[in-house]
Structures are given as C-alpha cells and as structure tokens.
**Q** 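Below is a structure I'd like to ask you about.
Heavy atoms only: backbone and side chains are in, while hydrogens, waters and symmetry mates are out. Throughout, protein chains are lettered first and strands after them, A, B, ... in sequence-line order, and every chain is numbered starting at 1. Owing to the predicted nature of the structure, the values given are computational and were not obtained by experimental measurement.
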Amino acid sequence: MDKSYSSATEADIYQSWEKSGAFTPKIDKTKKPYSIILPLPNANDPMHMGHALFTIQDILIRYHRMLGEPTLWLPGGDHAGIETQFVFEKKLQKEGKSRFDFDRQTLYDMIWEFVEKNRTLNQFQMKKLGFSMDWTRYHYSLETPIVKNVLATFKKLYRDGLVYRSEKIVNYCTHCGTAFSNLEVDYVDEVTNLYYMKYGPFILATTRPETKFGDTAVAVNPKDKRYTQYVGQEITVDGLNGPFKVKVIADDMVDMEFGTGVVKITPAHDPNDFDAGLRHHLEVKKVIGFDGRLNELAGKYAGLTVAKAREQVVADMQEKGMMVKIDSNYQHRIGRCYRCKHVIEPMVAPQWFVKMETLAKPAIAAAKNGDIKFFPSRFKKTYIDWMENIRDWNISRQIVWGPRIPVWYCLECNPRIKINFLDKDKNIVSGFYGDLKDKYSVDEIKNGLQSMMAPVDATFEVEETDHCAKCSSHALIQETDTFDTWFLSGQWPLSTLGFNTEDPSKSSPDFAYFYPTTVMDTLWDILFFWVARMTMFGLYLTKDVPFKTVHLHSRVVDAKGQKMSKSKGNVVDPLVMTEKYGTDALRFSLVYGIAPASDFVVSEDKIRAHRNFVNKIWNASRFVLMIIDKYPNTNISTTINFSKLNSDDKNILESLNKIIASTTTNIDKYHFGQASENLYQFFWHDFCDLYIENAKDRGEEVVPVLLTVLINSLKLLHPFIPFVTESVYQILREKMTLTEEQLITASWPKEIKFK
RNA sequence: GAGUCUAUAGCUCAGUUGGUUUAGAGCGCUUCAUUGACAUUGAAGAGGUCAGAGGUUCAAGUCCUCUUAGACUCACCA
C-alpha cells in the first residue's frame with residue numbers, strides 16, 4: 001500500500017461497481033423497494049455544487065442498498081426549454097446571428113445537436129462523483145415515449161376540461177420573446193420616477209406615462225368625495241396625439257392616499273388595470289407590441305422601445321406643460337425576467353392554461369394527511385400556503401426548444417391566424433394567413449415557419465389528422481407554442497417509471513413496483529416549480545402521490561453567503577475539488593456538520609481537512625495490514641474470543657456498537673451532518689488515537705478486534721466516502737477471507753454482542 | 001403587507017424530541033513530541049456571561065414573549 005491515499009483508482013472502482021450490476025435493482029416482490037428519482041439536471045449544464053449535493057441521495061441509496069432493499073436511483077437529463085434556448089441564443093449572438101435567421105425546425109435541430117454534445121459530459125461528471133445511479137434506466141426528457149406520454153396527459157387534461165386557451169394578461173419578456181408563468185418573474189425593488197401629470201380635470205400619478213395611449217378609463221375610489229362628481233362621466237384629456245376621451249370609473253382598487261387618488265387605467269399593459277377592465281367592461285387597447293416597441297396607436301411614438309418612448313413622452317409633456325412634477329425617489333417593485341433580467345411587460349395574448357384548483361385539492365390533502373411528509377417540516381406550511389392560493393398555470397411558451405402543444409388549426413377556417421415564416425429566399429414574411437394565402441403555398445409556409453398566433457376564438461383539433469373535419473382542407477398547422485419545461489418534468493416520476501397515461505393498465509412493471517417512490521430530495525427553490533407540480537400530476541393521473549417524503553437540502557453559497565453563479569464568478573467547481581483532493585473529501589465536506597435546508601459554505605479549507613480524514617482511514621487500514629503481516633501464523637479472521645477481551649477491547653467494541661446505532665438512526669432521520677461528525681470522531685479519536693495507539697504495545701490477540709472495528713467502520717463510512725472504503729476493503733480481501741465481494745453490496749453493520 | 005428562518009470560540013459552523021458536554025468540530029493560534037500506519041501526525045493549551053431582556057421548569061444554548069440585527073419566500077399597489 002502507498003504511503004497516502006490516491007484518488008487515481010476512483011474511476012476503476014466505479015467501473016467495477018457498475019459492471020457488477022450493483023446499481024441496477026432486481027424487482028423482488030417479497031421485498032419493499034427503496035427508490036429515488038434524481039432531480040433531473042439540465043442536460044446542457046456542466047456540473048456545479050448543486051449537482052454535487054446529490055451526494056445526499058447517494059448516501060441514502062447506498063445505505064438502503066446495504067440494508068438489502070431493492071434500491072433504485074433513477075438518473076435523467078432535462079432539455080430545460082427556455083434555459084437551454086437562452087444559452088444557445090447567446091452562442092448565436094456571438095456568431096452574429098439570431099433566432100430570427102432560422103425557421104423553427106432548423107433552430108430546433110441545431111439546439112438538439114448542441115445539447116447532445118454536452119449530455120454525455122454531464123453523465124460522466126456524475127460518475128466522477130461516485131453516484132451509484134442505475135444508468136440502464138437513464139432517461140432524457142425528449143425521448144419519444146416520454147414526450148408521447150406528456151402529450152397524452154395534455155389531451156386528458158383537455159378532455160377533463162382542465163386545459164383552456166384564453167386571452168389574459170400574461171408576463172411577457174420581449175427579449176426572450178415568450179410569455180412566462182408567475183413563478184418565472186423576479187420582483188426587484190427599484191427606485192424610479194413617479195410622474196404627476198395633468199389628465200383632464202385631474203392630476204394623476206403614474207410610473208408609466210408611455211402607456212397613456214392605451215388608457216381606456218381613469219379610476220377613483222368610490223368613497224373619495226373629492227372626485228364623486230366625475231364618476232360615470234366621460235372626460236376629455238389632452239394627449240400628445242391630440243385630445244381623447246375616457247370614462248371615469250369608481251373602484252375599490254384605488255388607494256385614496258396614494259398620489260392624488262386618481263389612476264389611469266391601461267387594461268392591455270397592467271395586471272390590475274386588466275382586472276379593472278374586466279369589472280367595468282373596458283376596451284383593451286394594446287399599444288406595445290411583442291417586440292417591445294410602441295405600435296401605430298402611439299402615433300408619432302410608434303416604433304420606439306418602451307424606454308425610449310417614456311423618455312420622449314416625458315420630454316414632450318414637460319414642454320407642453322402637461323407634467324406637474326416628477327418624484328424621482330419612488331421605490332417600488334419591478335418584474336424582471338428570471339432568465340435575462342429584462343423588464344417583464346404585462347401583455348394581453350392568447351395562451352394555454354391549466355386550471356389548478358381541481359389539481360391542487362388532492363395535493364393539499366396529501367400534505368395535510370401525511371401521505372407526503374416534509375423534511376424539514378416547516379416546508380409543509382409553505383407548500384400548503386402556495387397551493388391554497390394557486391392561480392391558473394400558463395403552460396405555453398413562445399420558444400422552439402421543447403415539444404409543441406399538440407393542437408392543430410385549420411388555416412382555411414381561421415384566416416386570422418398570424419404567421420411568421422421565412423420564404424424560400426429566406427426573407428421573413430409575417431401577416432395573417434388570409435392575406436398571404438394567394439402568394440405562398442401552405443408547404444412554403446410550413447417549411448419556413450417560425451411562429452404563429454391564432455386568435456383566441458380560433459377553432460382547433462387536439463388530434464392530428466391530415467384534413468380539417470369541417471372544411472376538409474389539408475391546410476392544417478400545429479400550434480407553435482411549446483410546453484413550459486415544468487409541464488414535462490412535473491410528470492418525471494411517472495414518465496421515467498413507464499406510466500402509461502392513455503392506458504394505465506399498460507404501465508411498465510417498474511411503475512407497479514417502484515411507484516410511489518420513497519424520497520424526493522431537492523433544493524427548496526424548486527418546491528413550487530417542480531415538487532408541487534409533480535404532486536399534482538401524480539395524484540391526478542394515478543390517484544397516488546409520486547413520493548412519500550420530500551427532503552429539502554441545503555444550498556451551497558460562497559464565503560460571503562451569496563448564491564454561487566457564473567456571472568458573479570464565485571463558483572467553486574466540484575470537479576476541480578475532486579481533482580485536487582479526491583471525490584471522498586469533497587463528498588464528506590458536503591455533509592459534514594451541515595444543518596438541513598440552511599445555506600452553508602463549502603470552503604477549500606474544509607475539503608482539505610476531510611482529505612486528511614480520508615487519508616487517515618487509508619493509513620489506519622495500512623497499519624492494521626502491517627499488524628497482520630507481523631503475525632504470519634495467526635489465523636486472520638474477525639472471530640473474537642470474547643472471554644479474552646481487555647478493557648480497551650471492550651471500550652472500543654462498545655463505542656462501535658454506539659456508532660452503529662447512531663449512524664443508523666441519524667441516516668433514517670436525515671441527520672447526515674450529525675452522522676458524519678460522529679463517524680469522524682469515532683474513527684479518528686476512539687479508534688486511531690486510543691485503540692490503535694494502545695494496541696501497538698499488545699500482541700496478536702488484538703487482530704480480531706482490530707479487523708472487526710475496521711471492517712464495520714468501512715461499512716458505516718461507505719455511503720459517505722465510497723471510494724476509499726471500497727478500495728481498502730478490496731485490499732483486505734486479498735489478505736483474508738471475506739464472503740462479501742464488494743462493500744457497495746455488503747450488509748449494513750449490526751450490533752456486536754460481546755457481553 | 002403576510003409568512004419563514006438565522007444570531008453559539010478569531011473565522012466557518014454542529015448541538016435531533018429541555019437534564020452525562022463543567023458548551024463541541026474544522027481551520028487559525030500557543031507550547032511540546034515524533035527517524036517504523038499517517039507531518040495529510042500525536043499530546044497539551046488559550047479562546048464563548050450560547051445577540052439582549054423577561055418568563056415557564058427541579059433543570060434552557062435547547063420551550064414561550066418582547067427587543068435588536070440580518071437573510072429569504074410569497075403578495076397586483078398605480
């Protein structure tokens with residue numbers, strides 16, 4: 001044995017585990033299975049500390065495998081819709097291109113290839129960290145059967161009346177070119193101007209003077225005596241494009257204390273105003289286009305971006321004496337795109353929604369009655385609160401990277417469908433089908449198709465056919481909106497285990513055996529995005545929860561307590577750390593002394609300290625082997641003669657029994673921090689510093705106790721630091737008879753009776 | 001506006017249902033040791049009125065209330 005432990009053999013050890021079939025459980029109906037579905041990483045993402053924290057799952061998996069349970073850890077990769085398209089578009093930008101240079105199919109194919117290159121890298125990195133996943137059951141979110149099943153779910157939701165298309169106000173990012181759900185908007189406190197402007201007989205305060213062209217009312221509080229006389233009347237306002245008329249409405253939404261107690265109502269570009277518009281039957285007048293520029297209704301401001309238009313409008317109003325004052329220190333919250341950080345523009349657009357109330361009900365009940373348990377338990381409240389206030393989910397995204405919504409429109413029946421496509425000369429053409437049909441063939445449109453938008457009342461079919469049921473036309477076109485990524489990943493436990501939405505009786509044996517899975521371990525930041533959606537889909541489709549326990553783990557932050565991100569440049573790369581200190585050292589650092597679901601810092605110091613621990617294990621083992629070699633005639637075994645134990649032996653065996661018991665309960669209770677600390681203390685101090693030191697003065701009678709403690713320690717440590725423990729175990733096997741071939745499948749230690 | 005969490009040695013943090021810990025670890029610091037498992041070592045040590053105040057209890061870092069400081073989540077305030 002070398003003088004110190006080298007991590008160079010890790011890859012070989014991993015291979016021998018994989019080859020032996022240890023990662024692949026056999027379905028055994030006499031035994032209760034243990035299963036974890038891996039929170040599928042973005043297939044395009046190189047590994048970061050978040051992935052390294054899957055160590056927690058590996059600990060659970062290895063522990064339960066050693067308990068003899070059929071144990072499944074199912075890995076996967078996510079196409080990660082907007083995330084990936086965003087990264088790809090950045091790459092295009094560097095090459096001087098944009099998404100508008102390609103038809104959607106070409107763009108899709110390019111992204112597909114881009115992801116394929118990185119997908120294997122991601123798997124390789126998981127193996128590097130020693131994760132004992134069943135690679136024979138690996139799934140990628142865009143595999144045909146998985147997509148097929150997801151589409152079947154959409155159709156079922158539609159048939160059950162839980163999917164609808166509606167023109168509501170949605171969160172639209174003009175930079176990404178798509179709408180988002182409420183969860184994808186980050187609200188940021190910002191200081192902006194609050195403009196007080198003349199508005200007919202009023203003065204009113206607004207942050208958005210440029211949307212004035214879309215105003216269709218002005219509102220006051222019904223209790224506000226200052227303005228009672230105007231309510232119900234039509235007033236004339238001097239606009240920059242000439243005078244216009246709006247109605248004065250009374251609505252409780254208006255805060256009398258704020259500004260002047262008068263609000264302009266722009267239903268097309270503000271969520272509150274949109275709702276007010278519904279209450280008062282106001283016209284929705286869109287003045288901002290999906291390109292983020294004002295349209296023709298803005299008169300001479302048409303074509304300007306929102307920011308530019310605001311500047312110009314304010315300047316012009318000041319010149320004309322319409323601006324009363326500007327409060328430049330107004331703090332409020334602005335919605336920004338979680339991806340690109342541009343300001344989210346509330347827009348009215350037809351989108352696909354899922355009705356959530358029906359789906360949320362059983363998911364709330366499952367949390368309340370304990371069908372799903374939360375660890376730490378405080379997340380139960382967070383989860384239930386969110387579910388109880390849930391709003392309908394916008395599942396449509398105007399991007400190409402992802403499965404298209406399985407809905408077909410007949411162009412002949414719906415001539416007002418707006419289409420954007422590249423003609424055969426690669427020029428962008430856009431307009432209503434009815435206006436373009438004489439110039440372009442349906443095939444030319446389909447081949448160059450970039451996107452389409454059907455009016456909200458368009459007719460459609462949810463089954464693909466080659467002709468329209470009404471008019472028999474073959475001019476059918478599939479919805480270009482794709483699914484929100486979470487619509488797919490929300491069904492991940494079902495898809496990967498082979499659940500069949502169309503005919504549940506045809507689901508695979510894996511599904512029957514491993515569903516519901518045992519634990520879902522993930523970071524709390526996707527509790528709503530993912531965990532909540534999986535629960536709802538699981539219950540909706542199978543009447544059963546997808547997992548019995550939700551374990552939320554900690555988040556790794558940098559030394560300043562900030563979230564690690566590439567843009568901040570504060571990322572500690574787990575792979576660099578494994579190269580430097582070995583995988584075991586990194587893994588141990590990720591669980592040693594951490595509290596559940598709180599931020600924690602992983603410093604290089606900490607990893608170095610645990611590299612020393614790993615080395616300590618190596619050298620203690622080396623010493624034990626030296627002792628064995630010292631007594632060549634001794635029968636090398638772990639059989640202890642209990643009548644000949646001295647007090648040292650009894651003490652260490654008693655400590656061993658204690659650590660076996662505490663490690664077992666600590667893992668059962670998800671107290672990984674405590675478990676690892678105790679193991680560290682036991683091995684280094686109780687075993688090495690005390691027992692081994694004293695054993696140096698004793699004879700060959702120490703051999704059985706030394707071996708017993710060492711082998712049991714290796715087993716207890718194996719889930720945490722699999723490589724060094726397996727490595728030592730294999731060396732021991734060369735010296736003595738050990739019936740269990742590998743530590744990974746060896747049995748979990750039990751109390752040793754010696755009294 | 002609603003909710004959640006955190007505050008323990010110089011630094012980073014453990015301390016699970018209140019009582020064998022006179023409060024622990026790693027890193028750092030001080031002194032000494034060590035040519036045979038390991039300097040990626042061993043022994044000894046310095047360092048904390050467990051944010052502050054009050055309360056419950058035979059007993060509180062651990063439970064309750066308030067105060068202070070900080071972090072986060074959710075929510076449509078023009």
Side-chain angles (χ1 to χ4, degrees), chain A residues 1-5 169 171 182-183 185-187 194-196 204-209 211 218-219 251 253-255 257-266 269-276 330 332-333 335 346 375-376 378-379 381-382 385-386 389 391 524-525 527-528 554-555 557 559 561-563 581-582 585 588-589 591-627 630 662 665-666 668-678 680-681 684-685 688-690 692-693 695-696:
Chain A
M1 278 176 91
D2 292 337
K3 207 170 169 186
S4 60
Y5 171 69
I169 195 148
N171 307 297
N182 299 322
L183 288 175
V185 182
D186 287 337
Y187 288 92
L194 182 62
Y195 304 94
Y196 286 78
L204 61 73
T206 181
T207 53
R208 303 205 60 183
T211 61
V218 57
D251 197 289
M253 74 179 266
V254 181
D255 178 356
E257 309 294 316
F258 186 90
T260 57
V262 185
V263 186
K264 70 189 197 65
I265 301 295
T266 322
H269 299 291
D270 183 280
N272 284 317
D273 294 3
F274 183 80
D275 290 343
Y330 176 59
H332 68 139
R333 289 161 67 81
F375 186 92
R378 63 187 150 92
F379 285 101
K381 183 176 159 54
T382 314
D385 284 353
W386 184 76
N389 296 300
R391 286 186 291 165
W524 41 260
D525 65 347
L527 183 65
F528 305 143
S554 312
R555 186 175 65 178
V557 294
Q562 289 181 315
K563 193 176 169 179
Y581 302 106
F588 210 66
S589 302
V591 290
Y592 184 90
I594 59 155
S598 58
D599 288 356
F600 76 105
V601 178
V602 174
S603 62
E604 199 163 335
D605 270 351
K606 192 174 175 186
I607 300 171
R608 193 182 301 118
H610 291 129
R611 185 267 322 265
N612 295 355
F613 178 55
V614 169
N615 191 55
K616 188 76 182 176
I617 294 167
W618 179 260
N619 274 295
S621 309
R622 198 151 76 99
F623 175 78
V624 172
L625 285 162
M626 262 180 52
I627 301 270
K630 211 163 125 189
S662 76
T665 54
N666 277 324
D668 283 339
K669 289 182 177 174
Y670 307 107
H671 294 159
F672 307 106
Q674 196 60 48
S676 54
E677 267 187 71
N678 292 349
Y680 182 100
Q681 172 71 27
W684 199 314
H685 301 296
C688 294
D689 293 346
L690 292 172
I692 289 186
E693 286 306 318
K696 287 178 178 173

**Q** Using whole Å, report how far CH2 of A/Trp386 lies from C1' of B/A75.
**A** 14 Å

**Q** When you get a sec, tell me which of B/C77, B/A75, B/C74 is the closest nucleotide to the side chain of A/Asp255?
**A** B/C77

**Q** Give the residues of residues 668-676 of chain A touching RNA chain B, defined as any heavy atom closer than 4.0 Å, sorted by residue number.
**A**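 Within residues 668-676 of chain A, the residues near RNA chain B are A/His671, A/Gln674.
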
**Q** What's the shortest heavy-atom distance between A/Ala205 and A/Tyr196, and which atoms?
**A**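 Result for this residue pair: CB-CE2, 3.9 Å.
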
**Q** Using a cut-off of less than 4.0 Å, is there contact between a side-chain N or O of A/Arg622 and OP1 or OP2 of B/C38?
**A**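 Indeed, a polar side-chain atom of A/Arg622 lies that close.
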
**Q** In terms of relative ring orientation, are A/His671 and A/Phe375 parallel, tilted or perpendicular, with 30° and 60° separating the classes?
**A**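 Ring orientation, 0 to 90° scale: tilted.
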
**Q** Can a donor-acceptor pair be found, under 3.5 Å and without considering hydrogens, that links the side chain of A/Asn619 to the backbone of A/Lys3?
**A** yes

**Q** Can you identify which nucleotide, out of B/A37, B/U40, B/A43, has its nearest atom closest to the A/Asp689 side chain?
**A**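 So the nucleotide nearest the side chain must be B/A43.
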
**Q** So which protein N/O to nucleotides 2-5 of chain B N/O distances come out below 3.5 Å?
**A**
none

**Q** Considering only atom P, compute the distance from B/U4 to B/C63 and round it to an integer number of Å.
**A**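 The same atom, P, in both gives a distance of 15 Å.
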
**Q** Mind checking if A/Leu194 touches a base, just sugar-phosphate, or nothing, with heavy atoms under 4.0 Å?
**A**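 The residue A/Leu194 makes no contact with any strand.
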
**Q** What is the distance, to the nearest angstrom, from the CH2 atom on A/Trp618 to the P atom on B/U41?
**A** 17 Å

**Q** Any base atoms under 4.0 Å from A/Phe588, or only sugar-phosphate, or nothing? Heavy atoms, all strands.
**A**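 Nothing, no nucleic acid heavy atom in range.
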
**Q** Would you compute the distance between atom NZ of A/Lys264 and atom CG of A/Leu204 and round it to the nearest 0.5 angstrom?
**A** 7.5 Å

**Q** Can you identify which nucleotide, out of B/G42, B/U41, B/C76, has its nearest atom closest to the A/Asn612 side chain?
**A**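 Nearest to the side-chain atoms of A/Asn612, counting from C-beta on, is B/U41.
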
**Q** Quantified in whole Å, what is the P atom distance between nucleotide B/A46 and nucleotide B/G24?
**A**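 Approximately 12 Å lies between the P atom of B/A46 and that of B/G24.
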
**Q** B/A75 P sits how many Å from A/Arg333 CZ, rounded?
**A**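 Rounded to the whole Å, the gap is 9 Å.
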
**Q** Answer yes or no for A/Lys616 and A/Tyr5: cation-pi contact, defined as NZ/CZ to six-membered ring centre under 6.0 Å and angle to ring axis within 45°.
**A**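 No; the conditions do not both hold, so A/Lys616 does not lie above the ring face of A/Tyr5.
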
**Q** Within the structure shown, what part of the strands sits under 4.0 Å from A/Val624 by heavy-atom distance: base, sugar-phosphate, or nothing?
**A**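 Nothing: the residue A/Val624, judged by heavy atoms under 4.0 Å, touches no strand.
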
**Q** In whole angstrom, what separates A/Ile607's CD1 from B/C13's C1'?
**A** 15 Å

**Q** Taking the side chain as every heavy atom from C-beta outward, state whether A/Ile265 and A/Val218 have any pair of such atoms under 4.5 Å apart.
**A**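 Not in contact.
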
**Q** Taking only residues two or more places apart in sequence or in another chain, which ones pass salt bridge (charged side-chain N to carboxylate O under 4.0 Å, His left out) with A/Asp255?
**A** none

**Q** Please check: side-chain N/O of A/Asp251 versus main-chain N/O of A/Met253, any donor-acceptor pairing under 3.5 Å?
**A** yes

**Q** Considering just the side-chain nitrogens and oxygens of A/Lys616, establish if one lies under 4.0 Å of OP1 or OP2 belonging to B/G42.
**A**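 It does, given that an N or O in the side chain of A/Lys616 lies less than 4.0 Å from OP1 or OP2 of B/G42.
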
**Q** Partner lookup for B/U57, please. Criteria are Watson-Crick or G-U wobble with both distances under 3.5 angstrom; report none if nothing qualifies.
**A** none

**Q** Could you please name the partner base of B/G26, counting Watson-Crick and G-U wobble pairs only when both distances are under 3.5 Å?
**A**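 With both distances under 3.5 Å, B/G26 matches B/C11.
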
**Q** The test is side chain to side chain contact (heavy atoms under 4.5 Å, CB included); show your working for A/Arg555 and A/Trp524 and say whether it passes.
**A** CA-CA 9 Å; A/Arg555 186 175 65 178; A/Trp524 41 260; 3.6 Å; yes

**Q** Can you find a side-chain donor-acceptor pair between A/His269 and A/Thr211 that sits under 3.5 Å?
**A** no

**Q** Considering only the P atoms, how many Å lie between B/A9 and B/G52, rounded to the nearest integer?
**A**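 These two P atoms come out 11 Å apart once rounded.
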
**Q** Could you walk me through whether A/Ile607 and A/Val602 pass the side chain to side chain contact (heavy atoms under 4.5 Å, CB included) test, one step at a time?
**A** CA-CA 8 Å; A/Ile607 300 171; A/Val602 174; 3.8 Å; yes

**Q** Whole Å only: how far is the CZ atom of A/Phe528 from the P atom of B/C72?
**A** 16 Å

**Q** Any strand is fair game: report the nucleotide pairing with B/A2 by Watson-Crick or G-U wobble, both distances under 3.5 Å, or none.
**A**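 Check on B/A2: paired to B/U73, both distances under 3.5 Å.
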
**Q** Which residue pairs satisfy the salt bridge (Lys or Arg N to Asp or Glu O under 4.0 Å) criterion with at least one member in residues 601-613 of chain A, sequence neighbours excluded?
**A**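 Passing the test, one end in residues 601-613 of chain A: A/Lys580-A/Glu604, A/Asp605-A/Arg608.
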
**Q** Contact class for A/Lys696 (heavy atom, under 4.0 Å): base, sugar-phosphate, or nothing?
**A** base

**Q** Within this structure, what is the CG-to-P distance between A/Asn389 and B/G1, rounded to whole angstrom?
**A** 19 Å

**Q** Of all the choices, B/U40, B/A37, B/C77, which nucleotide is nearest to the side chain of A/Asn272 once you look at every atom?
**A**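 So the side chain of A/Asn272 is nearest to B/C77.
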
**Q** Is it the case that the side chain of A/Trp684 and the backbone of A/Ile617 share a donor-acceptor pair, with hydrogens and angles ignored and the cut-off at 3.5 Å?
**A**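 No; judged by distance alone, with no hydrogens or angles, the pair does not exist.
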
**Q** Given atom CZ of A/Phe613 and atom P of B/U40, what is their separation to the nearest angstrom?
**A** 18 Å

**Q** Any strand counts, and the cut-off is 3.5 Å on both contacts for Watson-Crick or G-U wobble. Which nucleotide pairs with B/C38?
**A** none

**Q** Quick one: salt bridge (charged side-chain N to carboxylate O under 4.0 Å, His left out) partners of A/Asp689, sequence neighbours excluded?
**A**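 A/Asp689: no salt bridge (charged side-chain N to carboxylate O under 4.0 Å, His left out) contacts found.
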
**Q** Can you check the distance between B/U41 and B/G28, where both ends of the measurement are the P atom (answer in whole Å)?
**A**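 Each nucleotide's P atom is 10 Å from the other's.
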
**Q** How far, in whole Å, is B/C13 from B/U6 if one measures between their C1' atoms?
**A**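 That atom pair is separated by 12 Å.
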
**Q** Measuring from atom NE2 of A/His685 to atom CG of A/Leu690, what distance do you get when rounded to the nearest 0.5 angstrom?
**A**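 If we round to the nearest 0.5 Å, A/His685:NE2 and A/Leu690:CG are 9.5 Å apart.
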
**Q** Using the C1' atom in both, what is the distance from B/G47 to B/C5, to the nearest Å?
**A** 29 Å

**Q** Please write out each protein N/O paired with an N/O of nucleotides 23-26 of chain B under 3.5 Å, distance rounded to 0.1 Å.
**A**
{"residue": "B/A25", "atom": "O2'", "partner": "A/Tyr592", "partner atom": "OH", "Å": "2.7"}

**Q** Rounding to an integer number of Å, can you tell me how far A/Arg555 CZ sits from B/C13 P?
**A**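 Going from A/Arg555 (CZ) to B/C13 (P), I get 13 Å.
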
**Q** Could you work out the separation of B/U49 and B/U8 based on their P atoms and round it to a whole Å?
**A** 12 Å

**Q** Expressed as a whole number of Å, how far does the C1' atom of B/G15 sit from that of B/A25?
**A** 10 Å

**Q** Using heavy-atom distances to pick each residue's nearest nucleotide on RNA chain B, tell me which of A/Asp273 and A/Asn666 is more 5'.
**A**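 Of the two residues, A/Asn666 wins.
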
**Q** Nearest-nucleotide wise, let me know which of A/Ser4 and A/Pro271 is further upstream toward the 5' end of RNA chain B.
**A**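 Result: A/Ser4.
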
**Q** Where the side chain of A/Asn619 is defined as all heavy atoms beyond and including C-beta, which of B/A37, B/C76, B/U40 is the nearest nucleotide?
**A**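 It is B/A37.
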
